[in-house]
Amino acid sequence: LVLGVFGCVGKNRCLGVVTDNAAAMKKAWQILQSDNRYENLPIAYYSCFCHTLNLLIHDIVKLESFSTVKENAKKVVKTINNVHILKSALVKIQKSKNQVLGTLKMPVQTRWGSIVSFLKSIEQNKGCLQQLSWSENEHVIGKLGNIKMILLDFVFWNKIESMLILLKPIADWILKLESNHSFVSDVVYALNDINSLLTNNLSNIDFISDKEKESVLKSFEQRKNMALHPMHYAGSILDPRTQGTNLTTAEDIAGVEYIYNVTKSLMKEQCGNIMTELAQYRSHEGLWGKEFVWSVELEQLNPFTWWRGICGSSSISKIATAILSLPCSSAATERSFSTFSLIHTKKRNRLSNSRAEKLLFVHQNMSNLKIQTKEKPLCTRRLHNDGAMTQINCAEMPETTEEPTLFSPTEQEPSTSSFMLNTSETTGEMHDPSSSSDEEEWDTDNLVNDSIDSESFSSRSKWDEFE
């Protein structure tokens, strides 16, 4: 499968391959790294960071103390959702409170962070669920059965709140990094943030043993080592918001070495000049010693745009944009799978693979086309006054308080309306995966320009958003 992608896109235009953490994918990395056709190319093979964080959540929930709470919570949700009288009574209580509390949700194995949504839906409905357990209706009490004791147990609710405090920061980072506007440089910051939050929050949870707390921190370190690649360190160094300040000495060296290896493969003739510019960038000398370079609000400007727009005259900008354009997760691919399930349905089962691929390509790239209406649309209407046809511009049509003239179906045909939109397309590009390159040398311009359109990024929120 990966070789097929290399054949369509061109191996000389690939700088990274991101997959999930399945054993088959990691075996594919080893095969490609040992292949003579690709072993000398600076292609980074790394795992989806969001999937790694989801595995960390599952590691934590598997602990005995958390597992018991999870099973009791699932028993509550299943009982209420599967019994009509209980579900109806709960909805009635929710409506009486005049609040949008949402429904009770179950965790989904294939949905990242769904365990947190599951626990949150129970915690939000705490008052309604307890009121349900106090019901005087004999039928409701009879259907509740054993879950009544769970709902009235204050220890259960305290454990739910503790689990949310521990797991919600991880789920928040999953939500943030699975978007199309995340960067590989965010991974290091996210891991440092999660590490500090886990350490602080674990000390405040008293219903789990010290051994389980050590197990949580050990699982974090294992998942961290699984997720990180020197490419992430390089991205952190080249991100003007962090500039590698959150890296250890060993990580900083690995990041600089990765930048050097990429430069040597992409732009060998300018390798010395680019490494000099890297030193100037990190020490704020040369171009980066100018005040205007750092005058922008970096938190409101994505690093890709900063390198192309402000530092585009430097040679290192091509290396920086190439590295920063790499995705930190495979969420976009997962979304394409969901889109494909809407295109290739039971009723459209005769679609050929080629046609289905084209329809998916159009749907996924529609967001790259920004259609803007230049002027108010013209509305052409048929006015049946004495049989005359009149064309009216809706933008110029005067307001009137007169009541419209009614016509019976036997006197006229149904009126029709057509809207004509004058639109203009922006420079958003759609990348055709069928285009291939047979060149054996690196095409730096295509790699950088085709990697990501700077206009596809939106301004970033402040780092304190998830702290």
field: Trace of the ring-ring contact (aromatic ring centres under 6.0 Å, His included) decision for His232 with Tyr46
entry: CA-CA 10 Å; His232 294 107; Tyr46 58 101; 5.6 Å; yes
- line: Here the salt bridge (Lys or Arg N to Asp or Glu O under 4.0 Å) pairs for residues 248-262, sequence neighbours left out, are Asp252-Arg282
query: Once the angle between the rings of Trp294 and His284 is folded into 0 to 90°, is it parallel (under 30°), tilted (30 to 60°) or perpendicular (over 60°)?
result: parallel
field: Residues that Thr19 engages under side-chain hydrogen bond (donor to acceptor under 3.5 Å, both in side chains), provided they are two or more places apart
entry: Trp29
query: Mind checking what makes side-chain contact (heavy atoms from CB on, under 4.5 Å) contact with Thr345, not counting sequence neighbours?
result: Lys347, Arg348
- line: In short, salt bridge (Lys or Arg N to Asp or Glu O under 4.0 Å) pairs touching residues 63-74 with sequence neighbours left out are none
- prompt: Are more than 12 heavy atoms from other residues, nucleotides or ligands located less than 6.0 Å from atom CG of Asn353?
  reply: no
Tabulate below the donor-acceptor pairs under 3.5 Å that side-chain atoms of residues 50-58 make, not counting sequence neighbours, or state none.
residue : atom : partner : partner atom : Å
His51   : ND1  : Asn21   : N            : 3.4
His51   : ND1  : Asn21   : ND2          : 2.7
Thr52   : OG1  : Asn21   : ND2          : 3.3
Thr52   : OG1  : Cys48   : O            : 2.9
Asn54   : OD1  : Gly113  : N            : 2.9

message: Applying salt bridge (Lys or Arg N to Asp or Glu O under 4.0 Å) as the test, list every pair that has at least one member in residues 107-116; sequence neighbours left out.
response: none
message: Could you check whether atom NZ of Lys87 has more than 12 heavy atoms from other residues, nucleotides or ligands sitting under 6.0 Å from it?
response: no
field: Listed once per pair and sorted, the salt bridge (Lys or Arg N to Asp or Glu O under 4.0 Å) pairs that draw on residues 222-237, sequence neighbours left out
entry: Asp59-Arg223
query: Does NZ in Lys126 sit with more than 12 non-hydrogen atoms of other residues, nucleotides or ligands closer than 6.0 Å?
result: yes
- prompt: Who pairs with Glu277 by side-chain hydrogen bond (donor to acceptor under 3.5 Å, both in side chains), at least two apart in sequence or on another chain?
  reply: none
query: How would you list, by chain and number, every residue that makes a side-chain contact (heavy atoms from CB on, under 4.5 Å) with Phe66, sequence neighbours excluded?
result: Ile60, Leu63, Met163, Leu166, Phe207, Ile208
field: Carboxylate-amine/guanidinium contact Lys159 Asp206, below 4.0 Å
entry: no
statement: Residue set satisfying side-chain contact (heavy atoms from CB on, under 4.5 Å) with Ala28, at least two apart, ordered chain then number -> none
message: If the condition is side-chain contact (heavy atoms from CB on, under 4.5 Å), which residues does Glu123 pass it with, not counting sequence neighbours?
response: Ile160, Glu161, Leu164
field: Which residues share a side-chain hydrogen bond (donor to acceptor under 3.5 Å, both in side chains) with His139, sequence neighbours left out
entry: none
query: Do Lys176 and Asp172 sit within salt-bridge range, that is, some charged N less than 4.0 Å from a carboxylate O?
result: no
